[in-house]
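Beneath this line is the structure, given in structure tokens, with notes to follow.
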Number of protein chains: 2
Amino acid sequence: MGEEPRDMTARREGDRREASDGTVGKALDVLDRVAAFGRPVRFAELLDGSPFPKATLYRFLQTLVHQGMLSHDPGTGAYALGVRLVRLAHAAWAQSSLAPIARPHIDRLSAAVGETVHLAQLDGGQVLYVDKRNARQPVAMFSQAGRVGPGYCTGVGKAMLAHLPEAARARAVSQQAFHRYTPATITDPAAFALELEAIRARGHAFDAEEHEPGIVCVAVPILSRAGTVLGALSVTGTTARTSLQALAGLVPVIRATAADIATEAESWRFPEEQTQGLVARGGAGA
Amino acid sequence: MGEEPRDMTARREGDRREASDGTVGKALDVLDRVAAFGRPVRFAELLDGSPFPKATLYRFLQTLVHQGMLSHDPGTGAYALGVRLVRLAHAAWAQSSLAPIARPHIDRLSAAVGETVHLAQLDGGQVLYVDKRNARQPVAMFSQAGRVGPGYCTGVGKAMLAHLPEAARARAVSQQAFHRYTPATITDPAAFALELEAIRARGHAFDAEEHEPGIVCVAVPILSRAGTVLGALSVTGTTARTSLQALAGLVPVIRATAADIATEAESWRFPEEQTQGLVARGGAGA
DNA sequence: AACCAAGTTTCACATAATGGAACCAAGGGA
DNA sequence: TCCCTTGGTTCCATTATGTGAAACTTGGTT
């Protein structure tokens with residue numbers, strides 16, 4: 001897999017919810033730290049770079065292991081994420097995301113366009129991919145269900161940000177890292193604001209190799225009737241096989257799919273969910 | 001000091017490790033409760049059936065929402081699992097399970113046999129499915145991964161239990177519910193012990209419509225060189241299309257796949273992981 | 001044997017969790 | 001209209017819990 005853009009984007013100030021509230025927050029922070037390593041990790045490694053003293057960290061790890069959120073190999077002394085998480089995740093995926101509703105629609109879309117399709121939701125200014133359908137020849141690229149990506153240089157990210165209400169958009173934009181992944185990456189907030197305007201006007205967003213060279217995509221937001229952003233849908237291709245012009249031609253069918261998903265999501269008990277992703281963590285406001 | 005004292009609270013639990021330790025444990029218990037509903041749930045619903053007083057539960061929910069583990073819709077007042085879980089889950093799936101390593105092998109096996117393939121691991125006596133390949137339909141990550149099933153009446157469950165070391169097996173067996181799903185379900189612990197012996201002797205397990213009528217499967221364990229149980233692999237079919245005899249013929253290829261997975265898992269830094277699922281929670285054990 | 005690093009346990013102390021009760025909406029009868 | 005109930009949120013004195021420096025144990029090295 002790629003490098004670690006994750007840290008750049010995820011570690012933005014003003015969003016640090018970790019050690020803010022109580023013991024639980026701290027414990028979850030420890031969990032995140034283990035997750036960040038992406039591999040089984042030993043006590044000492046975890047210790048430096050952690051804001052907790054030895055004994056405290058140790059107790060947290062014990063608790064988390066005992067709770068099944070982490071597993072601990074007595075042999076090597078390594079801590080890894082536990083299976084309880086996988087179980088919880090299944091429930092989370094099934095209940096708090098568009099994925100289960102969208103699944104058949106995405107299948108159909110994927111079959112129709114013959115390219116990779118992504119379903120994403122917004123998570124604190126970042127893009128969370130909740131489902132993906134591969135084209136016949138799978139392209140090696142950065143994305144999978146559960147993965148997070150930057151909001152400012154992906155099609156789905158821009159499509160969602162553009163359709164956020166003023167206040168939420170401002171907050172989300174302020175959380176962007178604006179790291180230059182490729183020469184085409186937009187790194188200037190002012191230019192980004194214009195780009196969002198344009199996207200909102202035309203109703204869909206492009207990613208012109210802004211995140212990965214050779215990868216382009218077109219994305220449309222999934223909007224509730226009230227106009228709140230539920231998620232976004234994108235079709236991706238490589239410059240070798242397709243072009244932005246060709247992708248633009250797919251907008252009608254993608255938009256139709258998005259509309260179908262939105263309708264179904266609303267009709268079948270799905271309140272306003274999405275903006276909550278932001279409200280939930282922002283904490284700042286009223 | 002041995003391991004006698006601490007387990008006063010932990011030893012009894014077959015599956016419920018909840019409020020045993022501290023604030024963190026309680027908070028995670030709340031998380032589980034929300035997950036158990038499988039749908040957005042309101043405060044009052046959560047309140048009854050919860051061991052916590054109103055104010056306490058309220059504070060927990062607030063904390064979890066603030067941490068992004070839950071989301072809260074101010075409109076309907078409903079709590080749902082948060083996106084942070086999906087993110088953590090992705091990491092968990094990728095690092096603490098065999099799935100990523102096994103994926104290409106499963107693809108190949110699935111293509112070869114043309115039937116549904118399951119990859120499972122053990123989680124406290126229960127079966128946790130971490131990946132699945134449907135003969136026709138392509139990938140679906142969290143949709144199926146994360147499901148749990150009984151250990152005593154599934155092929156993968158029996159295959160894994162049979163190859164556990166004495167102590168762990170005894171503990172795991174004592175955790176089985178032995179509910180009669182079908183006429184063929186084994187509900188007698190003594191008979192089950194014999195069945196496990198037979199499975200261990202022959203190296204693979206069958207599920208002869210013990211869990212669902214009309215569904216049969218054959219499963220083999222994935223064992224490390226040292227003999228510890230890493231997981232299990234199964235091929236499933238319907239009585240309408242296949243038979244146990246036919247499935248038995250697939251054992252060599254399944255076993256070869258299991259061996260490949262085990263080898264790769266071991267060679268690429270993957271210690272003894274699996275037994276830990278049990279050790280992690282049981283605590284006891286010599 | 002003496003040393004060192006990684007991991008684990010102790011214990012006096014202070015922070016953070018607790019939960020009964022008060023409080024604040026909204027319906028919704030009468 | 002007013003009163004009353006139900007669902008949700010906030011207070012605050014009490015006390016359980018978490019905290020972390022330091023001591024200790026284990027296992028490996030020189």
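Just so we're on the same page: letters track the sequence lines, and every chain starts at 1.
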Ring geometry between A:Y58 and A:F43 (parallel below 30°, tilted from 30 to 60°, perpendicular above 60°): perpendicular
G-U wobble or Watson-Crick pairing nucleotide for D:dT19 (cut-off 3.5 Å, both distances): C:dA12
Heavy-atom donor-acceptor pair, A:E264 side chain to A:I261 backbone, under 3.5 Å: no
Protein-nucleotide distance (B:L57, atom CG; C:dT18, atom C1'), rounded to Å: 13 Å
Phosphate contact (C:dA6 OP1 or OP2) by A:R42 side-chain N/O below 4.0 Å: no
Lys/Arg N to Asp/Glu carboxylate O, B:R169 vs B:E166, below 4.0 Å: yes
Pairwise side-chain contact, A:L61 with A:H72, heavy-atom cut-off 4.5 Å (strictly under): no
Nearest-Å distance for atom pair OH/P, residues A:Y79 and C:dA6: 14 Å
Mutual orientation of the aromatic rings belonging to A:Y152 and A:F178 [parallel < 30°, tilted 30-60°, perpendicular > 60°]: tilted
Atom-to-atom span, CG of A:L47 to P of C:dA5 - whole angstrom: 14 Å
D:dT10 OP1/OP2 closer than 4.0 Å to side-chain N/O of B:Y58: yes
Backbone N/O of B:L122 and side chain of B:Q126: donor-acceptor pair under 3.5 Å: no
Protein-nucleotide distance (B:F43, atom CZ; D:dT10, atom P), rounded to Å: 11 Å
Rounded interatomic separation in angstrom, taking CG from B:D48 and P from D:dG8: 11 Å
Qualifying residue, where the test is side chain to side chain contact (heavy atoms under 4.5 Å, CB included) with A:F52 and the options are A:L46, A:L47, A:D29: A:D29
Short side-chain to backbone donor-acceptor contact, A:R42 and A:T76, under 3.5 Å: yes
Main-chain N/O of A:S224 paired to A:T228 side chain as donor or acceptor, under 3.5 Å: no
Footprint string (nucleotides 13-30 of chain D, 5' to 3'): B base within contact, S backbone only, - free, heavy atoms under 4.0 Å: ----SSBBB---------
Show me the protein contacts with nucleotides 4-6 of chain D, counting only N or O atoms at under 3.5 Å.
none

